[in-house]
Amino acid sequence: LAIGAGMVDLSGRRLHETFYKHFLVTEAVREHIAVERWKILPPATRSRQPLVLIFPRPLDWALLSHTITITSTSEQPIDGRISIDQDERRWSFTPTSAWDAGSHHVRVGSRLEDVCGNSVVAAFERPLRSAGDLPHAAPDRSIGFHLA
């Protein structure tokens with residue numbers, strides 16, 4: 001994939017040179033994103049170490065940037081910085097303040113998709129359904145983790 005110089009990025013800046021993304025096409029993946037198969041690497045309590053999520057397959061980079069949030073014991077969003085790497089297979093969250101002890105949650109928006117278009121709710125390629133059978137507002141998923 002080549003994106004030509006002069007194209008405008010998400011922030012409205014022009015690209016100075018052509019950007020190339022190389023990828024390999026493999027067999028189709030026809031299954032929903034199984035959040036329960038994610039590996040969670042929790043940080044140390046009272047540190048600013050990142051919380052790390054490892055995914056079994058690549059997820060959509062743009063959606064990863066805003067469909068996963070972290071909440072505190074009191075269900076309040078935690079401020080911090082997100083990093084995505086390892087070909088969209090790893091998501092890291094570094095909080096602005098040190099982690100408190102207690103239960104926390106990873107909130108995963110139902111709009112999250114993998115690179116094949118499969119979502120947290122269903123596989124991309126699925127039998128056609130009538131409009132009445134479609135979920136209008138699928139609930140977000142939540143993964144709990146505890147810091148001692």
**Item:** Contact summary for S110 and S119, nearest pair of heavy atoms
**Value:** O-CB, 4.1 Å

**Item:** pair R90-V52: side-chain heavy atoms closer than 4.5 Å
**Value:** yes

**Asked** If Ile, Leu, Val, Met, Phe, Trp and Tyr residues are connected whenever their side-chain heavy atoms lie under 4.5 Å apart, and connections chain through other members, are W61 and L53 in the same group?
**Response** yes

**Asked** Any side-chain heavy-atom pair from L51 and F145 closer than 4.5 angstrom?
**Response** yes

**Prompt:** Between H105 and R141, does any side-chain donor sit less than 3.5 Å from a side-chain acceptor?
**Reply:** no

Which pairs would a plain distance check flag for residues 91-100, meaning a side-chain donor or acceptor within less than 3.5 Å of a matching protein atom at least two apart in sequence or in another chain?
{"residue": "W91", "atom": "NE1", "partner": "L64", "partner atom": "O", "Å": "3.3"}
{"residue": "T96", "atom": "OG1", "partner": "D79", "partner atom": "O", "Å": "3.3"}
{"residue": "W99", "atom": "NE1", "partner": "Q49", "partner atom": "O", "Å": "2.8"}

**Message:** Grouping I, L, V, M, F, W and Y whenever their side-chain heavy atoms are under 4.5 Å apart, do V29 and V35 come out in a common cluster?
**Reply:** no

**Prompt:** Considering only heavy atoms from C-beta outward, does the side chain of L1 approach that of Y20 to under 4.5 Å?
**Reply:** no

**Prompt:** Is the count of non-hydrogen atoms from other residues, nucleotides or ligands lying under 6.0 Å from R48 atom CZ greater than 12?
**Reply:** yes

**Message:** For S65 versus I82, what's the shortest heavy-atom pair and its separation?
**Reply:** O-CD1, 3.6 Å

**Message:** With a 6.0 Å cut-off (strictly less than), is the heavy-atom count around CD of E17, excluding the residue itself, greater than 12?
**Reply:** no

**Message:** Do R57 and E88 have side chains that approach each other closer than 4.5 Å (heavy atoms only, starting at C-beta)?
**Reply:** no

**Asked** Between CD1 of I84 and CZ of F55, what distance do you get to the nearest 0.5 Å?
**Response** 8.0 Å

**Message:** Using a 3.5 Å distance criterion without hydrogens, assess whether the side chain of S11 forms a donor-acceptor pair with backbone atoms of R13.
**Reply:** no

**Prompt:** Given the rule in the side-chain contact (heavy atoms from CB on, under 4.5 Å) test, do V120 and H32 qualify, once you have shown the distances and angles that lead to the verdict?
**Reply:** CA-CA 6 Å; V120 173; H32 75 286; 5.9 Å; no

**Message:** So does G144 get a backbone contact from the side chain of H146, meaning a donor-acceptor N/O pair under 3.5 Å?
**Reply:** no

**Prompt:** If every non-hydrogen atom of I33 is compared with every non-hydrogen atom of L112, which pair is closest and at what distance?
**Reply:** CD1-O, 3.6 Å

**Request:** Check whether any side-chain heavy atom of W38 lies under 4.5 Å from a side-chain heavy atom of L59, and answer yes or no.
**Result:** yes

Under 3.5 Å donor-acceptor pairs involving side-chain atoms of residues 21-28, not counting sequence neighbours:
none

**Message:** Between R107 and D140, does any NZ, NE, NH1 or NH2 come within less than 4.0 Å of an OD or OE carboxylate oxygen?
**Reply:** no

**Prompt:** Where the side chain of D114 meets the backbone of P58, is there a donor-acceptor pair that is under 3.5 Å apart?
**Reply:** no

**side-chain contact (heavy atoms from CB on, under 4.5 Å) between V108 and T67, intermediate numbers included** = CA-CA 6 Å; V108 183; T67 57; 5.6 Å; no

**Prompt:** Does the T73 side chain pair with the main chain of S103, one donor and one acceptor, at a distance under 3.5 Å?
**Reply:** yes

**Prompt:** Please walk me through it: do T71 and I78 pass side-chain contact (heavy atoms from CB on, under 4.5 Å)?
**Reply:** CA-CA 5 Å; T71 61; I78 298 175; 5.8 Å; no

**Request:** Find out whether H104 and E75 are in side-chain contact, i.e. whether some heavy atom of one side chain is under 4.5 Å from a heavy atom of the other.
**Result:** no

**Message:** Run T18 and I3 through side-chain contact (heavy atoms from CB on, under 4.5 Å) and show every step you take.
**Reply:** CA-CA 6 Å; T18 301; I3 301 173; 5.8 Å; no

**Item:** Side chain S47, main chain P43, donor-acceptor under 3.5 Å
**Value:** no

